[in-house]
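Atom set for the values below is all heavy atoms of this structure, side chains included, hydrogens, waters and symmetry mates excluded. Positions are given from 1, in the same order as the sequence printed here.
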Amino acid sequence: ETAENCKRFIDNNGLELFKSCLVRFADKEELLRNMMGLMGNIAEVRELRKKLMEGDFMDIFCKLMESEMDGIEVSYNAVGIFSHITADGENAWTISQPTRNEVMMRMMRAIKRWPLESRRNINYRSFGPILNLLKAFDTPAAQYWAVWALCNLTRVYPERYCRLLKSEGGLALLETVEADPRTLEEVKTLAHTVIEQVRNGPEKVKAESESNPEDQSDD
């Protein structure tokens with residue numbers, strides 16, 4: 001989870017190892033989830049994520065955006081990877097197929113399928129990379145993923161993530177997202193929900209969640 005280790009992974013042929021494991025262990029859901037989490041860490045490093053645009057990685061991630069393996073985790077990580085790459089702008093998109101616009105449309109479709117109450121196999125020590133995507137007004141799909149992630153985590157695990165989001169200055173950024181006319185309406189709605197969840201505090205969020213067990217997902 002450091003830029004240095006991500007670079008070390010790439011320098012030691014880790015990307016090719018990822019592809020070979022994807023083929024050899026195609027039915028191993030937990031392995032795929034962990035591998036995609038690692039790819040997500042690489043995508044968070046600006047100078048390294050261009051490596052993910054080489055070869056056939058983009059086609060692989062496009063297919064995995066539609067995956068239902070391991071609940072939403074594989075799809076979530078695939079969209080997260082594309083969120084960081086697309087947020088770099090049109091000039092950073094160095095491949096002709098798929099196009100950046102096509103990928104963003106597929107990202108939006110994937111996010112809309114995910115139940116907001118999905119329970120997660122993920123652990124964030126910081127929201128820094130996600131909070132940076134809140135500023136991506138020119139990349140609404142990436143902004144949508146970031147706000148969805150914050151809404152899901154502060155709803156399902158409020159004791160940990162409401163506090164973390166507040167301590168890292170996330171509320172001010174979310175208020176900016178909610179107020180900006182460039183923001184999509186569904187993103188504004190999610191941003192408002194996150195703000196309310198954090199302001200209400202973990203106890204109230206947890207109580208409301210437990211009072212609606214039919215909305216819970218065992219993903």
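By the salt bridge (charged side-chain N to carboxylate O under 4.0 Å, His left out) test, Glu66 pairs with Arg106, sequence neighbours left out. In this structure Glu185 satisfies the salt bridge (charged side-chain N to carboxylate O under 4.0 Å, His left out) test together with Lys188, sequence neighbours excluded.
Considering all non-hydrogen atoms of both residues, Val156 and Leu116 come closest at CG2-O, 4.1 Å. The minimum heavy-atom distance between Leu184 and Pro140, with the atom names listed, is CD1-CB, 3.8 Å. Considering every non-hydrogen atom in both Ala146 and Leu133, the closest pair reads CB-CB, 3.8 Å. When all heavy atoms of Cys162 and Gln197 are compared, the closest pair comes out as SG-O, 3.8 Å. When all heavy atoms of Met69 and Val74 are compared, the pair lying nearest together is O-CG2, 3.7 Å. Here the closest heavy-atom approach between residue Val147 and residue Ala191 is recorded as CG1-N, 3.4 Å.
Linking ILVMFWY side-chain heavy atoms closer than 4.5 Å, directly or via other members, places Leu17 and Leu15 in two distinct hydrophobic clusters.
No side-chain donor-acceptor contact under 3.5 Å links Ser75 to the backbone of Ile72. When atom types are taken as modelled, the side chain of Gln143 and the backbone of Val187 share no donor-acceptor pair closer than 3.5 angstrom. Side chain of Asp180 to backbone of Thr176: no donor-acceptor contact under 3.5 angstrom is found. Distance alone, capped at 3.5 Å, is enough to place a donor-acceptor pair between the Arg100 side chain and the Thr86 backbone. Remark: the backbone N or O of Ala179 is not paired with any side-chain donor or acceptor of Thr183 at under 3.5 angstrom. Glu16 places no side-chain N or O within 3.5 Å of a backbone atom of Asn13 that could act as its donor or acceptor partner.
With rounding to the nearest 0.5 Å, the separation of CD1 in Ile122 from CG in Leu153 is 7.0 Å. Ile10 contributes atom CD1, which lies 12.0 Å from atom CZ of Phe18 (distance to the nearest 0.5 angstrom). Summarising the geometry, atom OG1 belonging to Thr99 is positioned 9.0 Å from atom CE belonging to Met105; distances are rounded to the nearest 0.5 Å. A distance of 12.0 Å separates CD1 in Ile111 from CG in Asn152, rounded to the nearest 0.5 Å. Rounded to the nearest 0.5 Å, atoms CG (Leu190) and CD (Glu178) are 11.0 Å apart. From Cys21, atom SG reaches atom NZ of Lys19 across 12.5 Å, with rounding to the nearest 0.5 Å.
Annotation: Arg182, atom CZ; neighbour count of heavy atoms from other residues, nucleotides and ligands within 6.0 Å is above 12. No more than 12 heavy-atom neighbours from other residues, nucleotides or ligands sit within 6.0 angstrom of NZ on Lys166. Environment of CE in Met53: crowded, with over 12 heavy atoms of neighbouring residues, nucleotides or ligands closer than 6.0 Å. Enclosure of atom CD in Gln97 by more than 12 non-hydrogen atoms of other residues, nucleotides or ligands within 6.0 angstrom is indicated. More than 12 heavy atoms of other shown residues, nucleotides or ligands fall within 6.0 angstrom of atom CD in Glu168.
Using a 4.5 Å heavy-atom cutoff, the side chains of Leu134 and Leu150 are in contact. In this structure, the side chains of Ile60 and Lys63 stay at 4.5 Å or more apart for every pair of heavy atoms. At least one side-chain heavy atom of Asn123 sits less than 4.5 Å from a side-chain heavy atom of Arg160. Side-chain contact between Tyr144 and Met107 is absent, with no heavy atoms from C-beta onward closer than 4.5 Å. You'll find the side chain of Met39 reaches within 4.5 Å of the side chain of Phe61, heavy atoms only. Under the 4.5 Å side-chain criterion, counting only non-hydrogen atoms from C-beta, Val198 is not in contact with Tyr161.
Within the structure, side-chain hydrogen bond (donor to acceptor under 3.5 Å, both in side chains) pairs that include any residue of residues 36-52 comprise Arg46-Asp88, Arg49-Asp88 (at least two apart or interchain).
With salt bridges taken as basic N to acidic carboxylate O contacts below 4.0 Å, one links Glu175 and Arg199.
The side-chain contact (heavy atoms from CB on, under 4.5 Å) with Met58 is formed by just one residue from the set Ile81, Thr94, Ile85; it is Ile85. If you run side-chain contact (heavy atoms from CB on, under 4.5 Å) between Leu32 and each of Leu64, Asp70, Asp27, only Leu64 comes through.
In this pair, Phe127 and Tyr124 present their aromatic rings tilted. The plane angle is within the 30 to 60° band. Classified by interplanar angle (parallel below 30°, tilted 30° to 60°, perpendicular above 60°), the ring pair Tyr76/Trp114 is tilted.
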Worksheet item: Do Thr154 and Thr193 pass the side chain to side chain contact (heavy atoms under 4.5 Å, CB included) test, and can you show the C-alpha distance, the side-chain angles, and the key distance before you say yes or no?
Response: CA-CA 10 Å; Thr154 56; Thr193 301; over 6 Å; no

